[in-house]
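Quick caveat, the model's predicted, so the values are computed rather than measured.
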Amino acid sequence: MHYGIDDIAFSTTHYALPLSELAQIQGIDVGKFHVGLGQEEMSIPAHDEDIVTMGAAAAKRVLKDVDLSEVRTVLFATESGIDQSKAAGVYVHGLLGLPTTSRVVELKQACYSATAAVQLGLAMVQRHPKQKVLVIASDVARYDLGSSGEPTQGAAAVAILLSANPRLLRVEPESGLHTTDVMDFWRPNHRNRALVDGQYSIRVYFDSLTAAWQDYQEQGGAPFADFIGFSYHQPFTRMAVKAHQNLTRAIGHKLDSDQINAQILPTTNYNRRIGNSYTASLYVGLISLLENHPEDLTDKRIGLFSYGSGAVGEFFSATVVPGYQELLRKDENIALLDSRELIDHETYLKLQDYPEPTDGGEHPIASATQGEFRLAAINNDQRIYESR
Ligand code: HMG
């Protein structure tokens with residue numbers, strides 16, 4: 001029996017800021033964003049959107065034809081949590097009408113936690129092969145305005161349905177791990193925007209990738225030549241290309257830039273337009289790879305590198321199940337990105353002032369989105385969601 005990803009889908013926000021707009025306002029050559037970072041747009045939430053509404057929208061897509069009684073576990077991964085106690089997944093559980101006979105929990109470790117959720121969920125599915133585990137990775141990336149991280153903001157959620165005998169990807173048991181206590185990116189409790197030591201974070205990411213790859217090899221993982229493509233965590237898409245260059249150099253697999261591009265660029269189509277979605281980003285890259293790779297991927301092996309600052313890295317692999325093409329949603333996904341409302345810089349600034357009341361009063365939130373789920377109010381310090 002195999003265990004892995006039975007279905008996977010993403011959702012993102014109502015608005016997007018073209019980075020050409022930010023470059024113009026900041027007097028920066030747009031080439032720095034388009035080429036240097038490999039980013040074109042960034043998804044920006046409306047005031048009535050957050051990690052819950054995005055997570056519910058993504059999960060709805062994978063649960064469409066599923067017998068909900070099979071879903072007994074929901075693992076919600078995020079680093080932009082909306083409550084210090086209650087798991088965001090419990091709101092999603094309610095919005096989707098999932099059975100009360102289920103467990104729901106939230107996981108955190110920067111951009112890494114969705115991968116921990118996938119590994120924990122696979123162990124659960126192995127123990128109870130008739131059950132399915134729903135993993136939701138959902139994040140809003142926010143840095144201080146004017147900081148180096150500003151053009152690498154973004155937001156998205158990915159829902160991953162794990163099962164025995166999956167229809168999409170068989171996740172292999174070998175996995176390479178690396179944890180080290182560093183301060184490359186963090187968000188203290190009193191801040192709603194992350195702090196980052198940008199150039200240092202890139203070096204730590206490189207080191208984590210090389211160490212995780214080495215451990216993957218020591219755990220009996222597949223040799224480099226057996227992979228058709230690699231989906232990496234993408235804080236900005238150029239990072240994946242740079243990371244792959246760095247890894248191949250470090251392990252002595254000299255590739256020219258065409259070979260690097262062939263293994264990486266198919267993973268970048270959607271993140272180029274979404275921006276950093278933290279723990280969802282690796283999996284948005286995976287969806288892009290499955291939908292945009294020019295070759296038939298049947299039975300081919302894909303490498304996945306998950307990185308969360310602080311820092312935890314994991315390299316693991318999966319093979320593509322015959323018939324996977326029937327589960328892809330390329331046209332729908334492109335339409336979803338195209339349907340976002342492009343905003344100017346002035347609107348982007350207004351959206352920074354998102355609702356975070358501290359007075360315990362009644363705060364209805366005007367309807368801006370057309371999506372099925374919205375944050376309708378924050379009343380008496382309680383978030384009120386509605387589905388329509
Ligand atoms: P910076 O210092 O403003 O940019 O910020 P730069 O000067 O390094 O330039 C970026 C690239 O653009 C360079 O390319 C330039 O040459 C190029 P490179 O030399 O590196 O290949 N460039 C141009 N290219 C074409 N035309 C031009 C032009 N001008 C310059 N005209 C930095 C870059 C990434 C540091 C910043 O955006 C930042 O702080 N971002 C946030 C941190 C981050 O994303 N770190 C990545 C690794 S850590 C991670 O992935 C974890 C994370 O997702 C959080 C988590 O785990 O929770 C962040």
Side-chain angles (χ1 to χ4, degrees), residues 38 77 79 107-120 122-123 137 139 149 152 169 171-187 194-255 259-260 263-264 267-268 271 276 278-286 289 301-319:
E79 64 179 289
L107 295 93
K108 176 179 71 179
Q109 174 28 52
C111 302
Y112 166 72
S113 62
T115 297
V118 165
Q119 296 292 10
L120 296 172
L122 286 172
D139 266 312
T152 66
L169 288 161
V171 177
E172 298 180 303
E174 297 78 18
S175 167
L177 303 171
H178 184 252
T179 291
T180 178
D181 183 2
V182 292
M183 292 302 279
D184 60 330
F185 168 107
W186 64 106
R187 185 167 69 81
L195 295 167
V196 66
D197 186 343
Q199 299 298 344
Y200 177 55
S201 72
I202 293 174
R203 291 200 302 278
V204 181
Y205 181 124
F206 288 159
D207 292 348
S208 181
L209 170 59
T210 309
W213 169 265
Q214 276 159 359
D215 187 46
Y216 171 75
Q217 290 301 307
E218 278 161 30
Q219 300 300 316
F224 185 84
D226 283 7
F227 288 86
I228 192 160
F230 294 81
S231 183
Y232 289 150
H233 166 55
Q234 291 168 24
F236 48 95
T237 65
R238 180 94 189 124
M239 181 75 210
V241 174
K242 285 156 73 116
H244 202 50
Q245 284 166 340
N246 202 280
L247 175 69
T248 50
R249 241 192 332 261
I251 63 175
H253 276 274
K254 216 171 169 323
L255 298 183
Q259 291 168 311
I260 296 271
Q263 293 189 341
I264 299 295
T267 68
T268 62
N271 279 325
N276 194 354
Y278 289 159
T279 191
S281 139
L282 159 66
Y283 297 96
V284 175
L286 175 61
L289 171 59
R301 179 172 285 111
I302 291 171
L304 296 105
F305 176 61
S306 182
Y307 176 74
S309 286
V312 179
E314 177 162 349
F315 187 96
F316 63 111
S317 55
T319 58

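Atom CD of Gln217 sits about 10.0 Å away from atom CZ of Phe224, to the nearest 0.5 Å. Taking CD of Gln263 as the reference point, atom CG of Leu247 lies at 10.0 Å (rounded to 0.5 Å). Rounding to the nearest 0.5 Å gives a distance of 6.5 Å between CG of Leu120 and CG of Leu107. Residue Asn246 holds its CG atom at 10.5 Å from CD1 of Ile251, rounded to the nearest 0.5 Å. Note: Phe230 CZ to His244 NE2 = 4.5 Å, rounded to the nearest 0.5 Å. Note that CG of Leu169 and OG1 of Thr319 are 7.5 Å apart. Values are rounded to the nearest 0.5 Å.
Ring geometry for Phe316 against Tyr283 counts as tilted: the plane angle lies between 30° and 60°, on a 0 to 90° scale. Between Tyr278 and Phe185, the ring-plane angle classifies as perpendicular under the 30° and 60° cut-offs.
Using a distance-only test at 3.5 Å, with no hydrogens or angles considered, no donor-acceptor pair links the side chain of Thr267 to the main chain of Leu289. The closest donor-acceptor contact from the side chain of Asn271 to the backbone of Gln234 lies at 3.5 Å or more, if one exists at all. Under the 3.5 Å distance criterion, the side-chain polar atoms of Ser281 are left unmatched by any main-chain donor or acceptor of Asn276. Without hydrogens or angle criteria, Gln109 side chain to Gly308 main chain gives a donor-acceptor distance under 3.5 Å.
Closest heavy-atom contact between Ala280 and Ala137: CB-O, 3.6 Å. Across all non-hydrogen atoms, the minimal contact from Trp213 to Pro223 is CH2-C, 4.3 Å. Contact between Ser231 and Gly285 at its shortest, heavy atoms only, is OG-C, 3.4 Å.
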Pairs under 3.5 angstrom only: tabulate donor-acceptor contacts from the side chains of residues 198-212 to other protein residues two or more places apart or in another chain.
{"from": "Ser201", "atom 1": "OG", "to": "Gly198", "atom 2": "O", "distance (Å)": "2.6"}
{"from": "Tyr205", "atom 1": "OH", "to": "His233", "atom 2": "O", "distance (Å)": "2.7"}
{"from": "Thr210", "atom 1": "OG1", "to": "Phe206", "atom 2": "O", "distance (Å)": "3.1"}

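Identified under the side-chain hydrogen bond (donor to acceptor under 3.5 Å, both in side chains) test for residues 178-187, with sequence neighbours left out: Asp184-Tyr307, Asp184-Ser309.
For Glu314 and Ser306, the side-chain atoms include no donor-acceptor pair closer than 3.5 Å.
The shortest side-chain heavy-atom distance between Leu304 and Ser317 does not fall under the 4.5 Å cut-off. Between Arg238 and Thr268 the shortest side-chain heavy-atom distance does not fall below 4.5 Å. By the 4.5 Å heavy-atom criterion applied to side chains, Gln219 and Ser175 are not counted as neighbours.
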Which is it for Lys254 and Arg249 under the side chain to side chain contact (heavy atoms under 4.5 Å, CB included) test, yes or no, and what are the steps along the way?
-> CA-CA 6 Å; Lys254 216 171 169 323; Arg249 241 192 332 261; over 6 Å; no
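A distance of 6.0 Å or more separates the ring centres of Tyr112 and Phe305.
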